Amino acid sequence: MLTLYGTANSRAFRCLWMLEELGCQYEHVPVDFAGGSRKADYLRLNPNGRVPCLVDGELVLFESLAINLYLARRAASPLWPNTVADEARMLQWTLWGTNELDALLGSLNRQRRLPAGQRDTKLIETATEALTAPMRVLDAQLASSSCLTGAEFSLADLNLASVVATALAARYDLAPFVHTSAWFGRCLDRPAAKRTIAMALAAAQRWTDGRSQRNDG
Ligand SMILES: N[C@@H](CCC(=O)N[C@@H](CS)C(=O)NCC(=O)O)C(=O)O
């Protein structure tokens, strides 16, 4: 049995989406990143103290996109590209997403979660500016093909769209990147993505409710 640790409103979203695409049986343990990921039991699985983490029998794996690569290969998923060249393109966009977008969107997201008065506006400005160049690269790519490795949705699209998804919580405006916005919309329109978004929204709501209860108490 596969077990995925990590609340859906975190980078675990990427792996939950993958699991939903695969339609396989899995157990979800919604460890949060506000304490849960730092508990001793969880640190034994992921010593980084971060979510997500996947357990498959003897295999314990951290790093959200490495988990997705493993899940797709394990299941011989049709999302895994058919040719070695497309496999290389898929890896290129997966690594590009983590190197060029993930940290910037992540820091914007962390700022947005802070009360307005505590936000670092300079950091928000710098991260927003730094995102323009890579977002233009992505938009140019998507101007000439409907998906990242051709016409079919593949693991490249799932991995990168799940990184771009942080833009929603980070309130980063994708609208100027018209091809990216259209591609992102198509990716999120997939039934598996919709189910995962519902999980993430419910988790975010539980987090908000918990915070107001903590503040009241
Ligand atoms: N590169 C890692 C990053 C994981 C990560 O930073 N997760 C965040 C939640 S989205 C976390 O657990 N943060 C808790 C902490 O850093 O204390 C991955 O993609 O799995």
Side-chain angles (χ1 to χ4, degrees), residues 2-22 26-56 59-74 79 90-114 118-120 123-124 127 130-131 134 155-172 187-188 193 196-208 210-211 214:
L2 293 163
T3 306
L4 197 271
Y5 293 82
T7 175
N9 61 331
S10 74
R11 285 174 175 86
F13 173 86
R14 303 163 181 186
C15 309
L16 290 165
W17 182 2
M18 183 74 227
L19 286 161
E20 289 294 321
E21 289 281 351
L22 294 176
Y26 67 94
E27 186 191 355
H28 180 212
V29 183
V31 171
D32 68 41
F33 51 88
S37 63
R38 301 280 163 171
K39 288 191 176 147
D41 279 0
Y42 183 74
L43 285 171
R44 273 193 281 280
L45 296 174
N46 185 352
N48 299 291
R50 300 206 165 111
V51 289
C53 180
L54 178 82
V55 176
D56 182 13
L59 177 69
V60 181
L61 207 56
F62 53 77
E63 277 304 322
S64 54
L65 297 177
I67 292 172
N68 279 2
L69 297 175
Y70 169 70
L71 287 171
R73 283 279 271 139
R74 174 190 186 275
L79 293 183
M90 178 275 287
L91 289 170
Q92 171 195 274
W93 286 113
T94 298
L95 294 173
W96 183 87
T98 59
N99 288 326
E100 303 291 337
L101 303 183
D102 198 37
L104 293 169
L105 287 171
S107 71
L108 273 185
N109 191 18
R110 275 190 297 281
Q111 289 299 317
R112 296 298 184 202
R113 283 206 303 266
L114 294 172
Q118 290 174 27
R119 288 183 198 142
D120 182 338
L123 195 152
I124 293 177
L131 279 162
L155 185 54
D157 301 288
L158 189 153
N159 279 349
L160 193 55
S162 66
V163 171
V164 171
T166 307
L168 301 176
R171 278 180 266 148
Y172 175 79
C187 291
L188 294 194
T196 319
I197 291 166
M199 290 164 77
L201 291 175
Q205 190 58 52
R206 279 195 298 277
W207 165 257
T208 308
R211 191 170 54 187
R214 283 191 293 278

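Whatever order the structure lists them in is the order used to number ligands and atoms, beginning at 1. Note that this is a predicted model, so its numbers are computed, not measured.
Considering only non-hydrogen protein atoms, atom 17 (O) of ligand 1 sits nearest to R38 NH2, 2.6 Å. Considering only non-hydrogen protein atoms, atom 4 (C) of ligand 1 sits nearest to V51 O, 3.3 Å. At the shortest separation from atom 20 (O) of ligand 1 among protein heavy atoms lies S64 N, 2.9 Å. In this structure, atom 6 (O) of ligand 1 lies nearest to the protein heavy atom R50 CD, 3.1 Å.
Residues V164 and Y172 are not in side-chain contact: their nearest non-hydrogen atoms beyond the backbone lie 4.5 Å or more apart. Residues L69 and L155 meet the side-chain proximity criterion, which asks for heavy atoms closer than 4.5 Å.
Distances from atom 9 (C) of ligand 1 to the heavy atoms of F13, Y5, Y42, F33 show the closest one on F33.
Closest heavy-atom contact between G106 and T166: N-CG2, 4.3 Å.
Those atoms of ligand 1 that come under 4.0 Å of a heavy atom in R14, given as number and element, are 19 (O). For ligand 1, the atoms sitting less than 4.0 Å from at least one non-hydrogen atom of P52 are 20 (O), numbered in the order shown with element in parentheses.
Evaluated for a side chain to side chain contact (heavy atoms under 4.5 Å, CB included) with W96, the options L101, V163, D102 yield exactly one hit, L101.
Among the atoms of R11, some N or O lies under 3.5 angstrom from an N or O of ligand 1.
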